[in-house]
J.: 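Dumping the structure here so I can ask a few things about it.
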Amino acid sequence: MQSIQYFAGGDMNSILFGVDLHTLFVPGIGIIEKIARPILVYVLLVIGLRIAGKREMAQLNTFDMVVLLTLSNTVQNAIIGNDNSFTGGVIGAITLLVLNYCMVRLVYNNKRFERLVEGEPDLLVRNGRIQMCHLKKELITVTELEEAAHKQGIRSLAEVDKAVIDPDGVISFFTKEPSTETIRHKEILEAIAKLTEEINGIKEKTGKKKG
């Protein structure tokens with residue numbers, strides 16, 4: 001079993017049970033740089049996703065999904081730099097958590113800043129009419145809008161009165177309220193079906209008595 005600890009030139013070099021403690025706990029880059037890297041990447045991603053639009057958050061097609069899945073690997077080296085130490089990872093994680101907490105608090109307390117960072121909801125369907133200019137702005141096709149409606153149990157866009165895409169990319173659909181004539185027609189059909197069922201029951205009972 002190897003357990004060696006020694007100091008040379010003021011630098012700690014230690015090996016304990018085959019583990020290089022210096023590599024494990026001493027960051028490979030400066031603390032200030034270790035804090036600055038996650039902050040810069042965080043700000044860059046917020047700005048990038050804001051520019052890319054709400055559809056990147058919605059993941060409406062395969063291409064958007066691929067981008068979001070590979071994005072973390074793409075910026076990984078930019079966050080950690082030339083450092084694989086445990087301490088460096090802890091510093092980076094704490095930096096991101098604190099930064100995100102501060103951003104959430106700032107957005108919560110400042111509605112203007114919230115609109116600037118997250119954007120505003122956008123109407124994709126208004127009074128049953130598809131707003132093509134808004135679809136174009138959000139880079140959403142009619143087919144993708146129909147697919148999103150199907151996922152919420154809506155058979156056709158003809159049933160939709162209003163559709164809103166939120167800043168987080170979620171599309172909410174509001175179906176049309178049935179007219180008075182439609183409700184009355186449905187009630188009549190239900191009454192006829194119930195009456196038919198009762199008549200058939202009476203016929204069955206009559207037939208059994210004759211038999």
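Source: prediction; values computed, not measured.
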J.: If only atom types and distance count, is the side chain of Ser85 paired as donor or acceptor with the main-chain N or O of Gly88 below 3.5 Å?
T.: yes
J.: For the backbone of Ala158 and the side chain of Lys176, can you confirm whether one donor and one acceptor N or O come within less than 3.5 Å of each other?
T.: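 Side chain of Lys176 to backbone of Ala158, a donor-acceptor pair under 3.5 Å: yes, one is there.
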J.: Would Glu187 and Arg184 satisfy salt bridge (charged side-chain N to carboxylate O under 4.0 Å, His left out), going step by step from the backbone distance to the final call?
T.: CA-CA 5 Å; Glu187 291 176 348; Arg184 189 173 301 171; over 6 Å; no
J.: Name each donor-acceptor pair under 3.5 Å that joins a side chain in residues 122-131 to protein atoms two or more places apart or in another chain, with its distance.
T.:
unit_1, atom_1, unit_2, atom_2, d
Asp122, OD1, His134, ND1, 3.1
Gln131, NE2, Arg129, O, 3.0

J.: Are Ile91 and Ile94 linked, directly or through other ILVMFWY residues, by side chains that come within less than 4.5 angstrom of each other?
T.: no
J.: Less than 4.5 Å apart, any side-chain heavy atom of Thr87 and any of Val26?
T.: no
J.: Which heavy-atom pair separates Glu159 from Ile154 by the least distance, and what is that distance?
T.: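 Nearest pair, atom of Glu159 first, then Ile154: OE1-CG2, 3.8 Å.
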J.: Please list all pairs meeting side chain to side chain donor-acceptor pair (under 3.5 Å) that have one or both residues in residues 41-53, counting only residues at least two apart or in different chains.
T.: Tyr42-Asn100
J.: Flag the pair Glu147 and Lys151 as a salt bridge only when some basic side-chain nitrogen lies within less than 4.0 angstrom of an acidic carboxylate oxygen.
T.: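 Looking at Lys151 together with Glu147, the answer is no, because their closest N to O distance does not fall below 4.0 Å.
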J.: Is Gln152 reaching over with its side chain to a backbone N or O of Ile171, donor-acceptor style, under 3.5 angstrom?
T.: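 Checking the backbone N and O of Ile171 against the side chain of Gln152, a donor-acceptor pair under 3.5 Å is found.
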J.: Could you walk me through whether Leu135 and Leu145 pass the side chain to side chain contact (heavy atoms under 4.5 Å, CB included) check?
T.: CA-CA 9 Å; Leu135 287 181; Leu145 187 64; 4.2 Å; yes
J.: For the CD1 atom of Ile35 and the CG atom of Leu99, what is their distance to the nearest 0.5 Å?
T.: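 Between Ile35 CD1 and Leu99 CG, I get 11.5 Å after rounding to 0.5 Å.
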J.: Would you check if the side chain of Asn110 reaches a backbone N or O of Leu106 as a donor-acceptor pair within less than 3.5 Å?
T.: no
J.: Is a side-chain N or O of Glu118 found less than 3.5 angstrom from the main chain of Arg115, in a donor-acceptor match?
T.: no
J.: Hey, does the side chain of Arg37 reach the backbone of Ala78 with a donor-acceptor pair shorter than 3.5 angstrom?
T.: yes
J.: Is the shortest side-chain N to carboxylate O distance from Lys194 to Glu190 below 4.0 Å?
T.: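 Answer for the salt bridge query: no.
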